[in-house]
Amino acid sequence: MQKLVTLISILLFVVFLQTNSFAQKRTDSIVVKTDSLKKHSPRKVIPRVATIRSAILPGLGQIYNRKYWKLPLVYGAIGATTGIFIYNVNNYRRLRDAYRNKTDGISSNDVLIYYKYRNLSAGALRSYRNVFRQNVDYSALFFLVFWGLNVVDATVDAHLHSFDVNDNISFQFKPGYSNMANTSGMSLVINIGKH
């Protein structure tokens with residue numbers, strides 16, 4: 001029973017791929033016709049320029065590559081890590097000052113402690129201060145990682161801009177006999193080039 005289910009699944013998969021292949025072939029002729037109507041040559045994108053622009057200002061490489069839809073992702077990642085960094089730095093400074101004022105032995109300095117931290121003990125203030133100090137480091141690290149990913153994305157996208165994906169690249173599953181293996185079965189046929 002399990003072999004029957006496996007065989008049916010494979011046959012459905014092959015039929016699905018064949019239908020996709022035929023559907024792709026029908027739309028390919030339309031794509032070729034619209035491509036032949038273009039009068040201008042494609043713009044040359046230089047990966048080095050995209051890399052430098054993206055390293056100087058996040059998102060500038062994506063603008064150079066004309067991938068405007070990536071800008072909200074870039075600025076969202078950079079903006080979120082910047083906001084988290086500022087939040088952590090502010091809390092770290094408040095906790096550092098609160099810990100200093102709590103442990104200096106002058107009771108009049110307790111008024112200078114930020115209102116959220118007045119009821120905490122010196123040990124709790126020290127512990128929270130250390131946690132926020134660690135979070136400052138992590139948020140700075142994530143900021144640099146996202147900046148680097150922005151540069152990598154712009155560079156890779158610029159390299160792939162001239163990558164040729166024409167209509168002649170396709171693959172098909174074909175049933176048949178293999179002389180080499182002396183068996184019948186399915187073959188994956190990849191056609192590259194003009195036919």
Side-chain angles (χ1 to χ4, degrees), residues 13 16-17 20-21 23-99 114 116-117 126-172 188-195:
F13 182 70
F16 173 75
L17 286 177
N20 261 351
S21 175
Q24 182 181 3
K25 286 180 184 176
R26 274 188 250 127
T27 58
D28 287 348
S29 62
I30 295 170
V31 172
V32 171
K33 288 178 185 176
T34 57
D35 285 345
S36 64
L37 295 176
K38 291 183 180 179
K39 304 241 187 229
H40 64 281
S41 63
R43 177 176 79 95
K44 182 171 171 121
V45 176
I46 303 168
R48 182 181 299 157
V49 173
T51 303
I52 292 171
R53 288 183 181 190
S54 207
I56 291 172
L57 182 67
L60 205 55
Q62 283 76 11
I63 292 171
Y64 175 73
N65 292 335
R66 295 186 179 167
K67 300 291 180 158
Y68 305 111
W69 65 271
K70 292 182 180 181
L71 288 175
L73 299 173
V74 169
Y75 287 122
I78 300 284
T81 54
T82 302
I84 292 169
F85 176 78
I86 291 169
Y87 171 79
N88 287 326
V89 166
N90 289 339
N91 280 315
Y92 167 73
R93 289 179 181 162
R94 288 178 184 150
L95 284 161
R96 180 195 61 197
D97 294 341
Y99 179 71
Y114 188 64
K116 289 183 178 179
Y117 306 132
R126 184 178 62 240
S127 176
Y128 286 136
R129 180 201 62 190
N130 293 341
V131 167
F132 275 100
R133 176 65 189 137
Q134 186 178 21
N135 289 345
V136 166
D137 295 340
Y138 284 143
S139 56
L141 178 68
F142 278 111
F143 176 81
L144 292 175
V145 165
F146 283 125
W147 193 302
L149 286 175
N150 154 59
V151 173
V152 168
D153 173 63
T155 305
V156 169
D157 194 34
H159 276 290
L160 293 178
H161 185 75
S162 62
F163 187 71
D164 183 26
V165 181
N166 61 22
D167 301 333
N168 295 325
I169 298 175
S170 64
F171 70 94
Q172 301 171 351
L188 174 64
V189 179
I190 299 174
N191 297 322
I192 301 175
K194 295 184 179 181
H195 299 288

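Taking CZ of Arg129 as the start and CG of Asp97 as the end, the distance is 10.5 Å to the nearest 0.5 Å. A distance of 10.0 Å separates CG of Leu160 from CG of Asn65, quoted to the nearest 0.5 Å. The OG1 atom of Thr155 lies 9.5 Å from the CD1 atom of Ile52; values are rounded to the nearest 0.5 Å. Within the model, atoms CD1 of Ile56 and OG1 of Thr51 stand 11.0 Å from one another, a figure rounded to the nearest 0.5 Å. For the atom pair CG of Leu95 and NZ of Lys116, the computed distance is 10.5 Å after rounding to the nearest 0.5 Å. Interatomic distance, CZ of Arg94 versus CZ of Phe132, reported as 10.0 Å (0.5 Å rounding).
The two residues Leu71 and Gly59 come nearest to each other via the heavy atoms CD2-O, 3.4 Å. Trp147 approaches Ala55 most closely through the heavy-atom pair NE1-O, 3.2 Å.
Side chain of Gln62 to main chain of Ser54: no donor-acceptor pair is present (N/O by atom type, distance under 3.5 Å, no hydrogens or angles). Put simply, the side chain of Tyr75 gets close to the backbone of Pro58: a donor and an acceptor are under 3.5 Å apart. When atom types are taken as modelled, the side chain of Asn88 and the backbone of Ile84 share a donor-acceptor pair closer than 3.5 angstrom.
Within 6.0 Å of CZ on Phe143 lie more than 12 heavy atoms contributed by other residues, nucleotides or ligands. Heavy atoms from other residues, nucleotides or ligands lying under 6.0 Å from OH of Tyr117 number more than 12.
Figure legend: Arg48 and Tyr64 shown without cation-pi pairing, the cationic atom not lying both under 6.0 angstrom from the six-membered ring centre and within 45 degrees of its axis.
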Full working for side-chain contact (heavy atoms from CB on, under 4.5 Å) between Lys70 and Asp157: CA-CA 11 Å; Lys70 292 182 180 181; Asp157 194 34; 3.8 Å; yes
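With a 4.5 Å cut-off on side-chain heavy atoms, Ile86 and Thr82 count as touching. At a threshold of 4.5 Å between non-hydrogen side-chain atoms, the residues Val89 and Arg93 count as touching. Between Arg66 and Tyr68, some side-chain heavy-atom pair lies under the 4.5 Å cut-off.
Salt bridge present: Asp137 and Arg133 bring a charged side-chain N and a carboxylate O closer than 4.0 Å.
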